[in-house]
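Here the structure is laid out as structure tokens; the discussion comes afterwards.
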Amino acid sequence: MSEMRVRFAPSPTGFLHIGGVRTAIFNWLLARHNGGKFLIRIEDTDKQRSTEEFEADILDALEWLGLTADEEHLRQSTRLTFHKEVVDQLVERGHAFRCFVSPEEAAKIKEAEREAGGIDAFRSPDRDLSSEESQRRADAGEPHAIRFKVPTGSIRFEDAVHGVIETPCNTIDDFILMRSDGTPVYMVAVVADDFEMAVNFVLRGDDHITNTPKQIMIYEALGWPVPTFAHVPLILGQDKKRLSKRHGATAVTEYRKMGYLPEAILSYMAMLGWNPGDDRELLNREELIEAFDTKGIGSKSATFDEQKLEWVNAQFISRLPDAELELAVRPLVAEKVASGEFPAGAGKMLPVAVKLLKSRAHFPVDFVEKGFYVFTEPTTIIDEKAAKKRLKDEGTPTWLDGLATAYDGLDEWSEESLENAMREYAEGEEIGFGKVIHPVRLAVTAQGAGPSLFEILVELGKETVVRRLRWLAGFLREKGTPPEL
Ligand code: GLU
């Protein structure tokens with residue numbers, strides 16, 4: 001094949017859907033893998049439902065994911081003249097005709113034909129009108145549509161996902177190409193624009209599979225090269241129903257706001273219904289481009305699993321270079337400083353937060369929410385369950401103060417020395433290690449779980465740690481053991 005040319009053709013009648021974006025990802029990967037061109041066409045002929053807001057959302061989301069087009073976008077609504085010319089050409093070549101039968105009448109004719117045991121498709125009584133009569137009736141102002149004169153036989157094509165698909169022509173109506181108001185229909189616009197853009201490989205959702213035989217008829221009638229088609233199965237929600245708003249967030253931009261990285265969306269969505277032929281679960285952009293092939297696309301629907309996507313995001317966060325991660329989290333810290341939640345200058349703790357939480361964070365926001373204690377002092381215990389379980393001994397305030405004093409006297413501030421000092425302290429008091437270590441975590445982080453405790457202590461430094469141990473001791477004396485929160 002000459003250079004592969006593929007396109008993503010969204011209708012700006014809604015935000016870019018997380019399921020819909022997979023079609024864009026597949027097309028983009030196909031182009032990149034084959035050294036071809038990825039094109040974008042905005043299918044905005046439905047004036048009632050298309051909006052500039054949706055269009056901007058779609059283009060923003062594609063850009064955010066790095067799915068950039070290799071040529072200028074084509075806007076379908078600017079192509080009307082050409083679409084009409086295509087219909088004219090079909091009429092001239094005898095593949096289309098004026099049909100004076102109204103849609104209601106057409107439905108009745110089809111039904112009567114079926115009842116009489118004939119074919120299951122509408123065949124217009126006007127398909128063989130002489131051109132003189134057709135012209136005369138049109139000139140007399142009789143309303144009419146232009147319909148395609150469906151041939152006999154069958155339409156066969158080899159779908160790159162589903163294999164050979166053959167459709168008998170006697171199941172296809174003489175379909176409308178141009179409505180009685182003179183506007184060409186979608187079926188014409190798609191073929192005309194794909195031809196104009198020299199698209200030679202059409203990868204799109206399964207929901208278009210029944211349009212394909214009709215589109216092939218149009219290509220063949222005009223003597224245009226027929227592209228290769230690949231129809232990808234729909235994405236389902238956990239309940240095996242088509243993925244929709246009922247399943248939670250659907251717009252790509254919502255996922256962006258939640259803190260998903262473009263790389264994670266790209267990796268997870270590409271592997272939803274496609275596999276690289278081995279057991280890799282995480283592929284970065286370059287690896288996807290290298291491995292992508294329509295052979296790996298399954299012919300069954302894939303199920304969207306938001307938890308898995310979240311796991312993939314966590315994996316990509318843990319692999320991001322620290323500097324990039326800091327860049328992603330810095331605005332979130334700035335927001336907290338602006339709102340007064342974090343003190344001025346909290347930003348200098350960003351590298352510490354990244355170091356401590358990188359391997360555990362699922363989203364950038366985790367660094368400032370779960371990791372808030374890196375930036376600011378806890379003022380209460382936020383984990384009530386842990387407080388009830390771990391801060392119920394009357395002796396806890398005394399032990400916290402005791403350990404604070406022991407820590408204050410340490411010359412060496414390392415994970416090892418801190419752990420040893422804690423063990424020695426517990427032994428001296430004849431209490432279990434757990435009576436000390438859990439309250440210490442709560443004192444320093446206000447939570448019952450998190451990164452390695454001694455690593456946190458080392459990173460926060462002696463002054464902060466000693467201060468927080470004493471703070472929790474005082475807090476418990478005031479609020480009781482366990483504390484009333
Ligand atoms: N605009 C159509 C859609 O959003 C795509 C048409 C096509 O890919 O042929 O479903």
Side-chain angles (χ1 to χ4, degrees), residues 4-31 36-59 61-62 67 69 71 73-80 82-83 86 155 157 159-162 165 167 175 177 183-219 222 224-235 242-245 250-252 269 273 294 297 301:
M4 183 182 264
R5 291 174 66 84
V6 300
R7 48 58 165 190
F8 178 56
S11 307
T13 53
F15 299 111
L16 184 59
H17 189 275
I18 189 80
V21 80
R22 191 194 55 174
T23 305
I25 293 173
F26 280 4
N27 273 297
W28 184 82
L29 288 172
L30 207 50
K37 293 276 191 295
F38 171 70
L39 314 173
I40 292 175
R41 178 168 73 235
I42 303 293
E43 300 209 322
D44 58 344
T45 47
D46 183 344
K47 284 285 160 221
Q48 246 93 58
R49 293 170 59 226
S50 302
T51 72
E52 278 175 22
E53 188 199 357
F54 290 141
E55 182 177 325
D57 172 87
I58 292 168
L59 294 175
L62 292 174
L67 308 179
E71 291 172 12
H73 304 163
L74 188 120
R75 181 183 293 279
Q76 195 155 59
S77 62
T78 64
R79 314 276 315 143
L80 199 63
F82 181 59
H83 301 160
V86 167
I155 301 292
F157 68 99
D159 188 280
V161 174
H162 297 280
I165 296 181
T167 313
F175 55 97
L177 298 170
T183 53
V185 299
Y186 165 74
M187 205 71 77
V188 172
V190 170
V191 174
D193 292 345
D194 279 338
F195 170 73
E196 186 70 11
M197 294 161 84
V199 168
N200 50 21
F201 199 108
V202 172
L203 183 150
R204 59 187 173 189
D206 250 359
D207 45 340
H208 287 285
I209 210 160
T210 53
N211 291 333
T212 306
K214 295 178 192 167
Q215 293 174 1
I216 291 176
M217 285 182 200
I218 299 176
Y219 280 106
L222 293 164
W224 290 349
V226 180
T228 303
F229 290 93
H231 290 92
V232 297
L234 295 177
I235 298 175
R242 185 178 181 166
L243 193 62
S244 75
K245 286 210 172 60
T250 49
V252 172
M269 294 312 296
T294 49
I297 300 177
S301 292

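Given the structure is predicted, the values throughout are model-derived calculations rather than measurements. Both ligands and their constituent atoms are indexed starting at 1 by order of listing.
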Shortest protein contact, atom 4 (O) of ligand 1 (heavy atom only): Ser11 OG, 3.4 Å

Shortest protein contact, atom 10 (O) of ligand 1 (heavy atom only): His208 NE2, 2.8 Å

Residues Arg79 and Glu196 bridged, charged N to O under 4.0 Å: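 Salt bridge present between Arg79 and Glu196.
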
Taking 4.0 angstrom as the limit and counting only heavy atoms of [X], give me the atoms of ligand 1 inside it, by number and element.
| X | answer |
| --- | --- |
| Glu43 | 1 (N), 2 (C), 5 (C), 6 (C) |
| Tyr186 | 2 (C), 5 (C), 6 (C), 7 (C), 9 (O) |
| Ala9 | 1 (N), 2 (C), 3 (C), 4 (O), 5 (C) |
| Arg204 | 7 (C), 8 (O), 9 (O) |

Min N/O separation Pro10 to ligand 1 under 3.5 Å: no

side-chain contact (heavy atoms from CB on, under 4.5 Å) between Ile25 and Leu67, intermediate numbers included: CA-CA 7 Å; Ile25 293 173; Leu67 308 179; 3.8 Å; yes

Would you say [X] and [Y] make side-chain contact, with heavy atoms under 4.5 Å?
| X | Y | answer |
| --- | --- | --- |
| Leu74 | Arg41 | yes |
| Phe26 | Met269 | no |
| Arg204 | Asn27 | no |
| Pro227 | Arg5 | no |

Proximity winner for atom 7 (C) of ligand 1, if only heavy atoms of His231, Arg41, Arg7, Gln76 are counted: Arg7

From CA spacing to verdict: side-chain contact (heavy atoms from CB on, under 4.5 Å), Tyr186, Glu43: CA-CA 9 Å; Tyr186 165 74; Glu43 300 209 322; 3.2 Å; yes

Phe8, portion touching ligand 1 at heavy-atom distance under 4.0 Å: neither

